[in-house]
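Every chain is numbered from 1 and lettered A, B, ... according to where its sequence line falls, protein lines coming before strand lines.
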Amino acid sequence: MLTFEQQLTGLIQQSFKALNFDEKFGKVVISNRPELCQFQCNAAMPLAKIAKKAPIEIAKEIIANIPENDIIGSIEAVMPGFININLTTEFLASQTQNLVNDKRQGLAKTKNPKKSIIDYCGANIAKSMHVGHLRATIIGESIKRISKFIGDDALGDIHLGDWGTQMGMVITAVKEQQPELPYFDESFEGEYPKQAPFTIKDLGVMYPDISGRSKEDEGLKEECRKATVELQSGRKGYRALWQHIVDVTMVELKADLADLNVDFDLWLGEASSDAFVPATVEQVKASGVSRVSDGATIVDVTPQGKHEVTPLMLLKSDGAVVYATTDLATIKERVDEFKAQEIVYVVDGRQSLHFYQVFDVAKRSGIATDTNMIHAGFGTVNGKDGKPFKTRSGGILKLRDLINMGKQAAFDKMVEAGRGDVFNEEEMKEIAQKVGVSAIKFADLMNHRSANYIFDIEKFVQFEGKTGPYLLYTDVRIHSMLAKASEAGLKAGTIIPATTDSEINLMLTLDKFKTAISKAYDDKAPNVICDHAFALTQAYARFYNDCHILNEKDSAKQASWLALSTIVAKQLELIFELLGLQVPDKM
RNA sequence: GCGUCCGUAGCUCAGUUGGAUAGAGCAACUGCCUUCUAAGCAGUGGGUCAGGGGUUCGAAUCCUCUCGGACGCACCA
């Protein structure tokens with residue numbers, strides 16, 4: 001289904017053809033002056049220069065040559081040469097009618113679906129998720145859902161940090177405490193225990209402890225490094241212990257992700273790409289792009305414009321692999337094993353140089369020649385002081401605590417609003433979970449991903465204005481009203497031509513869904529959808545206020561309004577799905 | 001030093017393939033519940049789009065310089 005502006009553009013272009021004007025100018029856009037008109041075409045101004053004629057005259061000619069149609073209700077040329085267009089209410093109603101039973105709300109699937117891997121979250125094994133993972137996780141989840149909706153074969157990959165020094169540290173810590181365990185006995189031949197020798201709570205204490213001590217103690221640091229190397233080179237006992245660490249961490253990780261309504265198609269990580277490291281290094285070397293400098297193997301990178309870029313480090317002077325190497329190996333894995341045509345990295349924007357290097361080398365070495373690689377970078381979550389968000393004591397805020405803050409705030413707000421009289425304790429908690437998490441997620445997603453934003457829980461719990469709860473509230477109100485209508489035996493009917501401005505505005509807004517989703521998909525920018533969602537809820541709230549549905553005497557009008565409300569609820573819920581927001585039945 | 005991003009209302013931010021009088025939300029003020037959830041709706045006030053110069057019929061948007069801020073710059077990830 002085409003948007004209104006696309007259909008109008010089609011009409012204008014027929015006029016352009018008749019007049020022999022360059023069709024590229026014949027574009028109709030949504031009016032930036034809604035009080036003057038719904039749509040506008042500004043082609044007359046640039047054409048005036050070419051045709052050497054007054055723009056207003058050109059505008060009039062364009063209008064005169066538009067074919068007969070039942071779409072345009074009014075069209076006029078305005079000084080200096082703007083063309084202002086309004087639709088007929090009949091056309092508006094019939095187009096809106098098409099949305100009633102449309103699960104895709106008018107947006108067709110792409111004709112060229114891609115195999116796409118969305119890399120986001122980046123949680124670490126043996127460490128809890130913290131505030132730094134928030135944006136990566138929820139923006140990535142939304143980008144993945146949008147891609148799937150558009151029709152791509154998109155796979156979300158958590159890309160776990162499960163192969164780094166933190167693993168050696170935890171292994172060393174376990175060895176300190178329980179050296180008698182069979183994992184440390186290299187001559188051990190039997191079956192290792194199924195039960196992990198530690199709990200998630202133990203890990204939570206062990207990792208920060210040994211991480212802190214190894215910063216001061218060179219000997220300990222070396223021991224951790226050695227354990228890491230031994231793990232990576234396949235020491236059997238360490239691999240078994242590693243599996244325990246992964247399993248134990250995953251329990252907590254999955255609980256956090258479930259709370260955030262986030263899920264993955266692939267639970268891969270650095271460990272799974274490790275197998276591709278030797279082949280990757282070999283391919284880069286064989287391609288001839290690398291050279292040795294100060295004992296290290298590096299790759300010179302294509303300059304950005306006129307400016308030289310720091311080379312990529314492939315192997316350290318001691319032969320060890322680094323971050324860039326494992327990322328290249330991951331690309332190789334995704335291209336060779338998954339046939340990825342596109343890889344999207346939802347990773348902190350401060351790593352843009354790293355991705356520039358990696359993508360450049362991946363292309364030039366032949367690891368990924370036809371794969372489109374995108375770094376969808378995002379800004380930091382800052383505190384009120386404008387600096388990266390910390391706890392009051394200056395520590396790193398755990399994601400779990402952040403989620404709980406949202407839940408508690410939503411709960412308190414419900415109590416304040418007197419909802420405690422309507423719901424019991426258990427219902428309140430369930431609603432607060434959805435509302436609180438949605439408040440945080442929407443507040444994050446509504447900001448353009450590349451910008452930093454200030455995390456102000458006090459503000460998110462206001463629950464007024466452009467917030468997640470406001471969106472949920474609109475949907476909940478619609479369902480509450482529809483339920484009452486159904487009890488009264490009222491049914492939705494055909495959408496009839498609008499008689500009020502708020503209806504017209506609502507119908508025009510519903511049509512913008514298609515444009516919003518497409519733009520969000522193209523730019524990997526969920527905030528575009530947030531803007532549309534807010535505009536839609538505002539348009540509905542105004543309509544809801546102006547047109548009292550259940551009291552309406554005219555039954556055709558009433559049936560039309562019920563249908564309109566149903567569409568809004570449907571489109572809103574589709575948007576919630578794409579943003580990863582969960583909506584309660586009541587609130 | 002080199003590079004990237006940014007500077008829009010008191011606050012938090014949209015808006016960059018150049019279009020009419022620059023938009024939201026919050027905060028402030030004024031109305032609206034014997035009617036579908038007032039977590040709502042309607043309205044008012046609030047701006048040298050950091051600053052200068054340029055390109056043009058037209059610039060927040062493009063070019064250039066200045067000031068201010070954030071971030072990044074091979075043997076960490």
Residues forming a ring pair (Phe, Tyr, Trp, His ring centres under 6.0 Å) with H448(A), sequence neighbours excluded: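 With neighbours one apart ignored, the set is empty.
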[atom1] of [X] to [atom2] of [Y]: how many Å apart, nearest 0.5 Å?
| X | Y | atom1 | atom2 | value |
| --- | --- | --- | --- | --- |
| H133(A) | S128(A) | NE2 | OG | 10.0 Å |
| H532(A) | N527(A) | NE2 | CG | 13.5 Å |
| C41(A) | I62(A) | SG | CD1 | 5.5 Å |
| L490(A) | I549(A) | CG | CD1 | 10.5 Å |
| T165(A) | L231(A) | OG1 | CG | 11.0 Å |

What is the distance from [atom1] of [X] to [atom2] of [N], rounded to the nearest Å?
| X | N | atom1 | atom2 | result |
| --- | --- | --- | --- | --- |
| I30(A) | G19(B) | CD1 | P | 14 Å |
| F25(A) | U17(B) | CZ | P | 16 Å |
| F355(A) | G3(B) | CZ | P | 24 Å |
| I454(A) | A14(B) | CD1 | P | 12 Å |
| D501(A) | C41(B) | CG | C1' | 15 Å |
| I56(A) | A20(B) | CD1 | P | 16 Å |
| K27(A) | G18(B) | NZ | P | 11 Å |
| L312(A) | C73(B) | CG | P | 13 Å |

Option among L399(A), L402(A), I396(A) that satisfies the side-chain contact (heavy atoms from CB on, under 4.5 Å) test with H130(A):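 Of L399(A), L402(A), I396(A), side-chain contact (heavy atoms from CB on, under 4.5 Å) with H130(A) is met by I396(A) alone.
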Nucleotide opposite [N] in a Watson-Crick or G-U pair, distances under 3.5 Å:
| N | result |
| --- | --- |
| C11(B) | G25(B) |
| U35(B) | none |
| U30(B) | A42(B) |
| A60(B) | none |
| U16(B) | none |
| G72(B) | C2(B) |

Q433(A) and K407(A): side chain donor to acceptor below 3.5 Å: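 Indeed, the side chains of Q433(A) and K407(A) share at least one donor-acceptor pair under 3.5 Å.
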Candidate nucleotides G40(B), U12(B), A39(B), ranked by approach to the side chain of K413(A) - the nearest: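 Of the options given, the side chain of K413(A) lies nearest A39(B).
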Selection from C13(B), A20(B), G40(B) that lies nearest to any side-chain heavy atom of Y470(A):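 Closest nucleotide among those given: G40(B).
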Regarding [X], tell me which of base, sugar-phosphate or nothing describes its non-hydrogen contacts under 4.0 Å with the strands shown.
| X | answer |
| --- | --- |
| D348(A) | nothing |
| A417(A) | nothing |
| M446(A) | nothing |
| L36(A) | base |
| H448(A) | sugar-phosphate |
| D294(A) | base |
| A451(A) | sugar-phosphate |
| K24(A) | nothing |
| E270(A) | sugar-phosphate |

Using the [atom1] atom as the reference point in each nucleotide, state the distance between [N] and [M] in Å, no decimals.
| N | M | atom1 | answer |
| --- | --- | --- | --- |
| C13(B) | A59(B) | P | 28 Å |
| U64(B) | C26(B) | C1' | 37 Å |
| U48(B) | G53(B) | C1' | 16 Å |
| A22(B) | A50(B) | P | 15 Å |
| U61(B) | U56(B) | P | 16 Å |
| C63(B) | C29(B) | P | 44 Å |
| G47(B) | U55(B) | P | 30 Å |
| C76(B) | U16(B) | P | 42 Å |

5' precedence on RNA chain B between F82(A) and M313(A) (nearest-nucleotide basis):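 Its nearest nucleotide lies further toward 5', so the answer is F82(A).
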First encountered from the 5' end of RNA chain B, between R542(A) and T326(A):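 Result of the comparison: R542(A).
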D501(A) atom CG, over 12 foreign heavy atoms within 6.0 Å: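 For D501(A), atom CG is not crowded (no more than 12 foreign heavy atoms under 6.0 Å).
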Enclosure of Q6(A) CD (heavy-atom neighbours >12, cutoff 6.0 Å):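 Yes.
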Between F442(A) and Y470(A), ring centroids under 6.0 Å: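 No, too far apart.
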Ring centres under 6.0 angstrom apart (F16(A), F25(A)):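 Ring centroids of F16(A) and F25(A) are no less than 6.0 Å from each other.
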Contacts of D523(A) that satisfy side chain to side chain donor-acceptor pair (under 3.5 Å) - sequence neighbours left out: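 Expected list: K519(A).
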For Y120(A), side chain to side chain donor-acceptor pair (under 3.5 Å) partners two or more places apart: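 Only E141(A), K144(A) meet the side chain to side chain donor-acceptor pair (under 3.5 Å) criterion with Y120(A).
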A516(A) versus V528(A), closest heavy-atom pair with distance: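 Scanning both residues completely, I find the closest heavy atoms to be O-CG1, 3.6 Å.
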Heavy-atom protein contacts under 4.0 Å, nucleotides 57-72 of chain B, coded B base, S sugar-phosphate only, - none: B-------------SS
Where protein sits on nucleotides 22-38 of chain B, one letter per nucleotide: B base, S sugar-phosphate only, - none, heavy atoms under 4.0 Å: --SSSS-------BBBS
P584(A) vs M587(A) side-chain heavy atoms within contact, under 4.5 Å: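 They are in contact (side-chain heavy atoms under 4.5 Å apart), so the answer is yes.
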At a cut-off of 3.5 Å, list every protein nitrogen or oxygen paired with a nitrogen or oxygen from nucleotides 4-9 of chain B, distance to 0.1 Å.
none

In C11(B), glycosidic geometry as syn within 90° of 0 or anti otherwise: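 Nucleotide C11(B) adopts anti.
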Distance test, side-chain N/O of K316(A) to OP1/OP2 of C76(B), below 4.0 Å: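 Yes, within the criterion.
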Donor-acceptor pair (no angle test) under 3.5 Å: Q40(A) side chain, A20(B) base: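 Looking at the base of A20(B), it does pair with a donor or acceptor on the side chain of Q40(A) (distance under 3.5 Å).
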